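Below: the structure, in structure tokens.
The model shown is predicted, which means the values in this text are computed figures rather than measured ones. Letters go in sequence order (proteins before strands), and every chain restarts at 1.
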Protein chains: 2
Amino acid sequence: MLRLSKKTEYALMAVKYMAVNQNGKCITVKEIADTYGISFQLLAKLMQQLVRNGIIESQQGTKGGYRLNKSADSILLLDIINAIEENYGLTDCMESEIPENGCARANCCTIRDPLAKVQNKINRIFSETTIGQIL
Amino acid sequence: MLRLSKKTEYALMAVKYMAVNQNGKCITVKEIADTYGISFQLLAKLMQQLVRNGIIESQQGTKGGYRLNKSADSILLLDIINAIEENYGLTDCMESEIPENGCARANCCTIRDPLAKVQNKINRIFSETTIGQIL
DNA sequence: TTAAATACGACTATTTAAGTCTTATATTTA
DNA sequence: TAAATATAAGACTTAAATAGTCGTATTTAA
């Protein structure tokens, strides 16, 4: 159904929140989760994924929290999608570099190449949109 | 995960198959299902959805089957998505015209409007691609 | 009138997404 | 240094959406 997952929605809201509200200081998961009514545990794990992908950085312990690791203008929508969406792509075969990758219809498929072109256009859209633009 | 459903993949393959192989004559569900190893029952229902959406027309009875209802060049990828995908849209709130439509975070959501713009760009891509182009 | 096709609603199974639970680790401050 | 507050992370459960099946009715050519 071409949906962004809730996880990606939450991650976007969190990153945007940090861009607006951090002023040198750390922002806690609790603050963001409470603001938007998002599950704390779930958001906590999303934040960790964003750290692993270099989008934000963490400070553990009391007075800890998270900070953006780069300017809002240099964080692409595609960065967040890639960090959070587990199987991003219009089709199963589009995630992996190897076209046939486990597809039973690889030999008779007539739509992969055209859809790959569409996928590229969509990726371009997600690369053109930055967090800075959506503040 | 931003996937096209299998149903949409099958519908695309079916419409493309018809564009290539129909020459005045009807094409049966069985022929397409066998060619690509798609469930007959499932594809049959997809074909019916395509009929309801005016993309193809049906001929019942022996010697029956389906035909494209318009030229391949005038069938948009978006037409097929709209006919088959049940909840098309980047977010739940993007399907309906009424922004808040049941969203508990409608009052505090900071990402709807930016994502709506992205959605429009994606729709444009799906409108630019026709079945004629992917033959 | 039979065979071969579409029409369609109800149902089931499978997979994915979403959320929860639990425990461990790091860091500040009293 | 102990307590409080934060992140880190894996295992698990629940809920929802997707994919596929079943059964029956209807249409039409030969």
Side-chain angles (χ1 to χ4, degrees), chain A residues 1-11 13-14 18 25-34 36-53 56-67 69 81 84-92 95 102-105, chain B residues 1-11 13-14 18 25-34 36-53 56-67 69 81 84-92 95 102-105:
Chain A
M1 70 208 220
L2 280 151
R3 273 276 192 296
L4 244 31
S5 68
K6 292 281 178 204
K7 290 181 184 179
T8 296
E9 290 183 24
Y10 300 158
M13 292 169 85
M18 293 171 74
K25 66 179 196 302
C26 278
I27 306 250
T28 65
V29 173
K30 189 170 188 313
E31 179 175 347
I32 302 173
D34 286 352
Y36 298 119
I38 299 168
S39 153
F40 170 83
Q41 300 277 8
L42 184 54
L43 183 58
K45 287 201 295 191
L46 299 177
M47 299 300 269
Q48 290 158 27
Q49 281 183 260
L50 294 175
V51 170
R52 283 186 220 111
N53 283 269
I56 63 179
E57 59 182 1
S58 74
Q59 165 74 45
Q60 285 194 321
T62 308
K63 296 270 177 184
Y66 296 93
R67 276 190 204 85
N69 207 16
I81 289 173
I84 306 293
E85 293 283 339
E86 330 230 340
N87 297 308
Y88 170 60
L90 286 177
T91 63
D92 291 340
E95 298 175 66
C103 177
R105 274 180 280 268
Chain B
M1 71 206 218
L2 279 152
R3 274 278 193 294
L4 244 31
S5 68
K6 291 281 179 207
K7 290 181 185 180
T8 296
E9 289 183 25
Y10 299 160
M13 292 169 85
M18 293 171 74
K25 65 179 195 302
C26 277
I27 306 252
T28 66
V29 174
K30 190 172 188 313
E31 178 175 348
I32 302 172
D34 286 352
Y36 298 119
I38 299 168
S39 152
F40 169 83
Q41 299 278 10
L42 184 54
L43 183 58
K45 287 201 296 191
L46 299 177
M47 299 301 269
Q48 290 158 27
Q49 281 184 260
L50 294 175
V51 170
R52 282 187 220 112
N53 283 269
I56 63 180
E57 61 183 0
S58 73
Q59 165 74 45
Q60 284 194 318
T62 307
K63 295 271 177 184
Y66 296 93
R67 275 190 205 87
N69 206 17
I81 289 172
I84 306 294
E85 293 283 340
E86 331 230 340
N87 297 308
Y88 170 59
L90 286 177
T91 63
D92 291 341
E95 299 176 64
C103 177
R105 274 181 280 269

Legend entry - D/dA19 OP1/OP2 closer than 4.0 Å to side-chain N/O of B/Tyr10: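 It does not, given that no N or O in the side chain of B/Tyr10 lies less than 4.0 Å from OP1 or OP2 of D/dA19.
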Inset, instruction - Please determine if a side-chain N or O atom of B/Ser5 lies less than 4.0 Å away from the OP1 or OP2 oxygen of D/dA17. - result: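 It does not, given that no N or O in the side chain of B/Ser5 lies less than 4.0 Å from OP1 or OP2 of D/dA17.
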Contacts of type side-chain hydrogen bond (donor to acceptor under 3.5 Å, both in side chains), residue [X], not counting sequence neighbours:
{"X": "B/Asp34", "answer": "B/Lys30"}
{"X": "A/Ser5", "answer": "A/Thr8, A/Glu85"}
{"X": "A/Gln41", "answer": "none"}
{"X": "B/Arg105", "answer": "A/Tyr10"}

Only distances under 3.5 Å count here; give the side-chain donor-acceptor pairs of residues 43-51 of chain A to other protein atoms, sequence neighbours excluded, each with its distance to 0.1 Å.
| from | atom 1 | to | atom 2 | distance (Å) |
| --- | --- | --- | --- | --- |
| A/Gln48 | NE2 | A/Ala44 | O | 3.4 |
| A/Gln49 | NE2 | A/Ala83 | O | 3.0 |

Inset, instruction - Would you mind reporting whether B/Ile32 and B/Met13 have side-chain heavy atoms less than 4.5 Å apart? - result: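 They are not in side-chain contact.
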Inset, instruction - Could you check if a side-chain atom of A/Leu4 sits within less than 4.5 angstrom of a side-chain atom of B/Leu2, using non-hydrogen atoms only? - result: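 Yes, side chains in contact.
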Could you tell me how far apart [X] ([atom1]) and [N] ([atom2]) are, to the nearest whole angstrom?
{"X": "B/Leu42", "N": "D/dC22", "atom1": "CG", "atom2": "C1'", "answer": "13 Å"}
{"X": "B/Glu9", "N": "D/dT18", "atom1": "CD", "atom2": "C1'", "answer": "12 Å"}
{"X": "A/Leu90", "N": "D/dT18", "atom1": "CG", "atom2": "P", "answer": "15 Å"}
{"X": "B/Leu2", "N": "D/dT18", "atom1": "CG", "atom2": "P", "answer": "13 Å"}
{"X": "B/Gln49", "N": "D/dA19", "atom1": "CD", "atom2": "P", "answer": "12 Å"}

Inset, instruction - Taking heavy atoms of chain B and a 4.0 Å limit, find me the 5'-most and 3'-most nucleotide of DNA chain C within that range. - result: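 Contacts span C/dA3 to C/dA17, reading 5' to 3'.
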Legend entry - Pairing residues for A/Glu57 by the side chain to side chain contact (heavy atoms under 4.5 Å, CB included) criterion, not counting sequence neighbours: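 A/Glu57 satisfies side chain to side chain contact (heavy atoms under 4.5 Å, CB included) with A/Arg67, A/Asn69 once adjacent residues are dropped.
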Legend entry - side chain to side chain contact (heavy atoms under 4.5 Å, CB included) partners for A/Asn87, two or more places apart: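 A/Asn87 satisfies side chain to side chain contact (heavy atoms under 4.5 Å, CB included) with A/Glu95, B/Met1, B/Arg3 only.
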Legend entry - Counterpart base for C/dT20, defined by Watson-Crick or G-U wobble contacts under 3.5 Å: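 Answer to the pairing question: D/dA11, which forms a Watson-Crick or G-U pair with C/dT20.
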Legend entry - Heavy-atom protein contacts under 4.0 Å, nucleotides 5-13 of chain D, coded B base, S sugar-phosphate only, - none: BBBBBBB--
